[in-house]
Amino acid sequence: MSKEIVSRAADYSQWYNDLVIKGGLADYSAVRGCMVIKPYGFSLWEHMRDQLDRMFKETGHQNAYFPIFIPKSFLSREADHVEGFAKECAVVTHYRLKTDPAGGGLIVDPDARLEEELIVRPTSETIIWNTYKTWIQSYRDLPVLINQWANVVRWEMRTRLFLRTSEFLWQEGHTAHATSKEAMEETLRMLEIYAGFVEEFMAIPVIRGVKTPSERFAGAVETYCIETLMQDGKALQAGTSHFLGQNFAKAFDVKFLTRENALEYVWATSWGVSTRLVGALVMAHGDDDGLVIPPRIAPIQVVIVPVYRGEDQKTPIDQEVGQIILKLKAAGIRVKYDDSDHNRPGWKFAEYEMKGVPVRLTLGSRDLSSRVVEVVRRDTREKMSWPLEGLAAALEQLLGQIQENLFSKARTFLTDHITPADDMETLTAILDGKGGFVSAHWDGNPQTEEKIKELTKATIRCIPLEAGGGEGKCVLTGRPSARRVLFARAY
RNA sequence: CGGGGUGUAGCGUAGCCCGGUUAUCGCGCCAGCUUUGGGAGCUGGAGAUCGCAGGUUCGAAUCCUGCCGCCCCGACCA
């Protein structure tokens with residue numbers, strides 16, 4: 001029992017850390033606030049990334065790459081933007097080190113100060129819009145539909161593996177359009193792509209919504225988001241899509257000539273999801289025995305463990321497994337055969353459960369003689385004995401069932417954790433009790449929002465795009481409200 | 001940045017109050033044998049400048065001073 005994990009009930013935060021580290025996703029690094037993403041965790045990210053990339057390209061976007069460094073002056077061009085990011089920027093001030101003349105190691109060469117400091121990008125709107133100025137002259141140049149896969153740095157005071165690290169990986173889409181309507185359509189299109197990806201591939205149900213002004217992206221006119229709910233009842237923002245209006249076009253002077261020969265500012269969007277999604281996955285599906293990874297993005301979908309005494313028993317098993325692997329691969333299933341001899345079967349069972357592999361096959365001599373294989377699904381722990389004939393097709397179906405089961409379980413949890421409240425007492429009681437989202441009326445005033453945050457530590461996660469439940473009175477002030485919004489404590 | 005905690009082998013730890021042989025134990029690691037259907041057993045072995053610097057002392061993991069790192073709670077945030 002070398003890899004005990006703390007239960008969710010005992011210590012939820014520790015449980016999360018245990019899953020990330022003992023599940024082999026990531027490790028702490030020598031750099032404060034930065035993590036090492038290990039091969040298994042990176043493979044998971046790659047599957048997420050590849051699928052999103054496909055979806056972006058299907059909707060007409062192309063990938064490009066912009067510099068990691070941003071001249072300091074760029075950041076201050078858009079007033080809200082600089083205010084939002086200034087206090088968490090890493091800054092490059094010098095370009096050379098030298099040996100300390102006073103002896104010992106290296107020092108920053110004081111003669112090598114940069115004329116203008118460079119910011120390590122916390123997001124790329126400014127460097128990209130500075131570039132778009134040279135790309136866009138006519139309505140014929142529009143739309144510009146660019147995505148970038150990159151790392152960014154935000155100097156957070158407190159960090160958590162995957163959920164909030166100083167450096168993280170993400171994608172950021174930056175588009176330019178001729179009209180406000182078109183830009184808004186793009187904003188919502190990408191929100192829908194995120195929602196579809198998170199629900200259909202990660203098996204996590206989302207709530208689509210709009211942020212209140214105080215939660216809006218720095219520099220955006222409107223921020224749309226998908227919100228998810230973790231098992232401890234806290235909300236996690238899983239993705240955002242921003243309608244930037246003409247803010248960045250004005251800040252970087254990006255104009256185009258319309259068909260009617262009029263000079264107008266371009267309309268913009270930006271949208272992103274990050275490695276934080278990995279954290280969402282861990283917390284949405286994991287259990288007290290480890291990770292539970294939805295089949296559609298699992299690095300390993302099926303693991304095969306042999307059971308044998310001695311080499312003479314192993315040879316026929318190897319041969320049979322060879323056949324199985326061929327058939328599974330032909331069916332497009334990602335399969336791993338773990339016949340390593342330094343760990344015994346029991347150890348492997350626990351290990352692959354910890355890693356959240358959706359299906360385990362166990363094949364021993366006695367299975368072989370009756371032409372069956374033991375099949376164990378990770379989500380329900382159900383053990384079955386299946387005939388070797390027709391195995392690939394049956395597994396394909398099982399993987400689909402697991403995917404569906406994970407989603408429906410998470411959806412039930414979400415639905416059960418959206419609770420209406422019409423007064424502060426109820427709102428607080430729900431937050432302190434079962435947690436989750438509280439659907440309540442809000443008068444639209446930022447000060448009311450701030451006050452509720454002070455009182456309850458809950459923020460307005462979003463104004464849901466779906467039905468608002470009709471008119472009512474603000475949960476705090478009693479002033480009239482057109483619709484309900486969702487409050488929650490959040491990551 | 002404020003409050004609390006902590007630092008001994010890759011990981012988890014005992015020893016510290018009350019200074020004294022070769023720093024304890026478990027996991028992991030290496031070798032060999034036996035094992036293999038839910039985290040194997042036995043035997044042998046490797047692995048630690050006790051966070052760093054200074055001080056007190058015949059003698060410091062242990063006492064004193066200073067510094068540093070990390071973790072948790074808050075403010076900030078995807």
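Small disclaimer: the values here were computed from a predicted structure and weren't measured. The sequence lines fix the lettering, A, B, ..., with proteins before strands; numbering per chain opens at 1.
Within 4.0 Å (heavy atoms only), T275(A) reaches no atom of the nucleic acid at all. Nucleic acid contact for L163(A): base, since at least one base atom lies under 4.0 Å from a heavy atom of the residue. Among the protein residues, S365(A) comes within range of the nucleic acid bases, having at least one heavy atom under 4.0 Å from a base atom. Here Q237(A) lies in heavy-atom contact (under 4.0 Å) with sugar-phosphate atoms only. Here R160(A) lies out of heavy-atom contact (under 4.0 Å) with every strand. As judged by a 4.0 angstrom heavy-atom cut-off over every strand, N343(A) is placed among residues making no nucleic acid contact. Contacts of F217(A) with the nucleic acid, taken as non-hydrogen atoms under 4.0 Å apart, are absent.
Between W271(A) and H61(A), the ring center distance clears the sub-6.0 Å criterion.
Taking the C1' atoms as reference points, rG12(B) lies 13 Å from rG7(B), given to the whole Å. To the nearest whole angstrom, the two C1' atoms, one in rG55(B) and one in rC72(B), are 33 Å apart. For rG59(B) and rG19(B), the C1' atoms lie 8 Å apart once the distance is rounded to whole Å. For the P atoms, the distance from rG37(B) to rG41(B) is 12 Å, rounded to whole Å. Separating the C1' atom of rA61(B) from that of rC50(B) is a span of 5 Å, rounded to the nearest Å. rA53(B) and rG39(B) have their C1' atoms separated by 44 Å, with the value rounded to a whole Å. Separation of the C1' atoms belonging to rG32(B) and rU13(B) is 29 Å when rounded to the nearest angstrom. With C1' as the reference atom, rU8(B) and rA23(B) are 8 Å apart, rounded to whole Å.
If you check rU36(B), rG38(B), rG39(B) against the side chain of W347(A), the one that comes closest is rG39(B). The listed nucleotides are rC76(B), rG39(B), rA78(B); the one nearest the side chain of M354(A) is rG39(B). Each of rG37(B), rA78(B), rC77(B) was ranked by its minimum atom distance to the side chain of E88(A); first place goes to rC77(B). Nearest nucleotide to the side chain of R276(A), out of rC76(B), rU36(B), rA78(B): rA78(B). Comparing rG39(B), rG37(B), rA75(B) by their closest approach to the side chain of E374(A) singles out rG37(B). Each of rG37(B), rU35(B), rA78(B) was ranked by its minimum atom distance to the side chain of R366(A); first place goes to rG37(B). For A350(A), the listed nucleotide lying nearest its side chain is rG38(B); candidates were rC77(B), rG38(B), rG37(B). Considering only the side chain of K457(A), rG74(B) comes nearest among rG37(B), rG38(B), rG74(B). Nearest to the side-chain atoms of M157(A) among the listed nucleotides rC76(B), rC77(B), rU36(B) stands rC76(B). Among the nucleotides rA78(B), rG39(B), rU36(B), the one closest to the side chain of P345(A) is rU36(B).
A salt bridge does not link R154(A) to E167(A): none of the charged side-chain nitrogens sits closer than 4.0 Å to a carboxylate oxygen. Contact check on K211(A) versus E222(A) returns no salt bridge, with no Lys/Arg side-chain nitrogen under 4.0 Å from an Asp/Glu carboxylate oxygen. Between D53(A) and R49(A), no side-chain nitrogen of the basic residue sits less than 4.0 Å from a carboxylate oxygen of the acidic one, so the salt-bridge criterion is not met. Taking 4.0 Å as the cut-off between side-chain N and carboxylate O, E353(A) and R378(A) do not count as a salt-bridged pair. Taking a cutoff of 4.0 Å between a charged side-chain nitrogen and a carboxylate oxygen, R371(A) and E320(A) qualify as a salt bridge.
A distance of 10.0 Å separates NZ of K87(A) from CD of E156(A), quoted to the nearest 0.5 Å.
One finds a side-chain N or O of R344(A) lying less than 4.0 angstrom from the OP1 or OP2 phosphate oxygen of rA40(B). Within the structure, a side-chain polar atom (N or O) of R309(A) is placed less than 4.0 Å from OP1 or OP2 of rU36(B).
With hydrogens and angles left out, the side chain of K383(A) and the base of rG38(B) share a donor-acceptor pair within 3.5 Å.
In a base pair of the Watson-Crick type (N1 to N3 plus N6-O4 or O6-N4) or a G-U wobble (N1-O2 and O6-N3), with each distance short of 3.5 Å, rA23(B) is matched with no nucleotide. The pairing partner recorded for rU6(B) is rG69(B), the criterion being a Watson-Crick or G-U wobble arrangement whose two distances lie under 3.5 angstrom. Using N1 to N3 plus N6-O4 or O6-N4 for Watson-Crick, or N1-O2 and O6-N3 for G-U wobble, each under 3.5 Å, rU13(B) pairs with nothing. When both distances must be under 3.5 Å, the Watson-Crick or G-U wobble mate of rG32(B) is rC42(B). Searching all strands for a Watson-Crick or G-U wobble partner of rG54(B) with both distances below 3.5 Å returns rC64(B).
Between E351(A) atom CD and rU36(B) atom C1' there is a gap of 17 Å when expressed in whole angstrom units. To the nearest angstrom, P of rA78(B) lies 18 Å from CE of M48(A).
In terms of heavy-atom proximity, T223(A) sits nearest to H242(A) at OG1-ND1, 2.9 Å.
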